[in-house]
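The next block holds one structure in the form of structure tokens; read it before the comments.
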Amino acid sequence: MKKRYFIDKIADYVGQEVIIRGWLYNIRTSGKLMFPQLRDGTGIIQGVVSQKEVSEKVWEDFKKLTQESSLIVTGTVAKHPKKEEYELHVKDVEVIQVAEAYPITPKDHGIEFLADHRHLWVRSQRQTAIIKVREEIIKACRDYMYDNGFTLFDSPIFTPNAAEGTTTLFSSDYFDLGKAYLAQTGQLYAEAGAMAFGKVYDFGPTFRAEKSKTRRHLTEFWMIEPEMAFYDIYDDMDLIEDFIVYIVERVIKSRRKELDILERDITKLEAVKKPFPRITYDEAVEIINKKNVPLIRKKADGGEEEIRPFPWGEDFGAPHEEAVVEDYDRPVMVYNWPSEAKAFYMKRDPENPKVVRGVDVLAPEGYGEIVGGSEREDDLGLLESRIKEHNLPMDAFGWYLDLRRFGSVPHSGFGMGIERVVCWLCKLDHVRESIPFPRLMYRNRP
RNA sequence: UCCGAAGUAGCUCAGUUGGUUAGAGCAUCUGACUGUUAAUCAGAGGGUCGCAGGUUCAAGUCCUGCCUUCGGAGCCA
């Protein structure tokens with residue numbers, strides 16, 4: 001195999017001659033000296049080209065290089081005279097391609113322009129750092145599951161039925177079988193897996209055709225969904241807490257360099273420790289009312305009205321989540337939700353049938369809901385009546401009801417949206433930076 | 001879907017109460033500079049002012065419609 005050198009490991013080669021294969025990130029000239037910034041995907045290193053130390057051809061080659069031109073550079077690694085980093089004293093260059101005028105210049109750009117050039121934007125230092133953190137989060141998720149006895153049990157992306165109502169599904173024709181929908185969750189299938197393996201998870205893209213245009217929504221996003229037999233809601237919350245702490249610790253430990261590039265305040269992440277506060281929906285409403293945060297509702301005439309106190313039974317909006325979370329330095333778990341605000345499969349609390357044993361985990365620093373979980377309804381009759389209440393087609397759920405006919409057990413699970421976790425850990429303003437090619441309501445290219 | 005804002009050079013923007021040939025920085029090209037850090041300095045090229053109508057002696061600027069994008073709300077992970 002050909003010997004390969006990479007910029008992130010360049011400190012091992014001080015005083016030695018190396019070959020860097022990559023792209024020109026930027027170049028500064030100063031008379032008989034040039035300072036090309038070389039990028040190879042693992043990092044950036046400054047080159048030093050001195051006219052009196054290189055051939056005329058090398059000097060002329062560098063003069064014609066443009067931003068993002070591809071090249072192979074041979075040189076000697078040395079300590080930077082002013083900074084705590086290394087530089088490459090260039091001896092030779094092989095120009096692979098001189099790039100056309102590169103659209104993403106070192107100055108500011110608007111978000112529309114950057115989004116249109118996402119295929120090039122991903123080369124920039126900030127974007128590569130985000131994608132590295134994303135990778136670490138995903139690897140940490142899978143490692144946690146593997147190390148704790150979960151079996152990977154992936155669910156289909158084409159599904160014949162909706163799990164949480166029909167308004168938010170993408171549909172397509174499926175041969176002679178009518179419509180197929182893109183999955184909005186793999187949970188129902190994961191429940192089948194939990195009855196086979198005890199503890200499973202699925203992990204893949206999910207799709208929601210919600211016409212929501214916010215900094216937190218994608219139409220295509222990745223979700224990890226663990227599902228566990230013989231877990232009640234409290235076991236579920238124990239697991240969620242342990243899982244999130246593990247992921248945050250991994251990112252702090254393994255992606256320090258990227259967090260620094262992103263200028264992330266790491267002390268905020270180091271505060272994410274067990275135990276997370278656990279408060280009921282009722283207690284959350286009390287906090288909201290103590291802070292006098294109203295529910296804003298649209299009126300028939302198009303105007304808005306502010307309702308105080310917060311009416312029991314309503315789901316929380318962003319200001320309510322913020323009110324609940326702002327006093328804490330770590331994620332907050334809100335559980336025992338009003339049943340009408342939540343999905344049909346959540347188990348009713350035997351002590352209070354008005355609430356279900358569902359839990360939302362709200363991230364600190366205003367990042368909102370990152371996890372939604374619940375204990376599942378394990379009683380056949382109650383589940384059937386809930387499907388009827390939600391006006392869902394009973395026949396589509398035949399196989400799912402079988403899980404309650406053949407060895408039904410108490411079980412729980414949750415779903416964690418990867419992009420929202422990436423946003424939180426990287427402190428991003430918008431989910432569009434949390435995935436290489438975001439799909440948004442108003443954008444599906446490049 | 002609703003509310004709000006914006007579209008002027010490849011990019012980011014300025015453009016006054018409507019008034020000569022629409023400007024700046026970056027990028028590109030030419031040149032200067034042996035330690036630059038979004039380098040700097042001198043010069044050059046680069047425009048269907050989103051689209052379509054309208055008002056006016058005169059429209060980037062005022063009016064109407066449309067398109068696109070951005071921000072927010074609701075819903076959610």
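All of these numbers come straight from a predicted model, not from anything done at the bench. Each chain gets a letter, A, B and so on, in the order the sequences are listed, and its residues count up from 1.
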Applying side-chain hydrogen bond (donor to acceptor under 3.5 Å, both in side chains) to A/E258 and not counting sequence neighbours gives none
Residues forming a salt bridge (Lys or Arg N to Asp or Glu O under 4.0 Å) with A/D232, sequence neighbours excluded = none
Counterpart residues, side-chain contact (heavy atoms from CB on, under 4.5 Å), relative to A/F197 (two or more places apart) | A/T151, A/F153, A/V200
Sequence neighbours excluded, which residues qualify as salt bridge (Lys or Arg N to Asp or Glu O under 4.0 Å) partners of A/R216?
-> A/E321
List in chain and number order the residues that pass side-chain hydrogen bond (donor to acceptor under 3.5 Å, both in side chains) with A/D360, two or more places apart in sequence or in another chain; answer none if no residue qualifies.
-> A/K342
Residue set satisfying side-chain contact (heavy atoms from CB on, under 4.5 Å) with A/V54, at least two apart, ordered chain then number -> A/V49, A/V58, A/W59
Check RNA chain B for consecutive Watson-Crick or G-U pairs with both distances under 3.5 Å and list the runs of at least three as stems.
-> B:1-7 with B:67-73, B:10-13 with B:23-26, B:28-32 with B:40-44, B:50-54 with B:62-66
Among all residues two or more places apart in sequence or in another chain, which pass the side-chain hydrogen bond (donor to acceptor under 3.5 Å, both in side chains) test with A/T214?
-> A/H217
5' to 3', nucleotides 26-36 of chain B under a 4.0 Å protein heavy-atom cut-off (B base, S sugar-phosphate only, - none) gives SS-----BBBB
Are there any protein N/O atoms within less than 3.5 Å of an N/O atom in nucleotides 67-70 of chain B, and if so, which ones and at what distance?
unit_1	atom_1	unit_2	atom_2	d
B/rU69	OP1	A/Y442	O	3.2
B/rU69	O2'	A/E112	OE1	3.3

Partner set under salt bridge (Lys or Arg N to Asp or Glu O under 4.0 Å) for A/R443, not counting sequence neighbours | A/D116
Taking only residues two or more places apart in sequence or in another chain, which ones pass salt bridge (Lys or Arg N to Asp or Glu O under 4.0 Å) with A/D61?
-> A/K57, A/K64
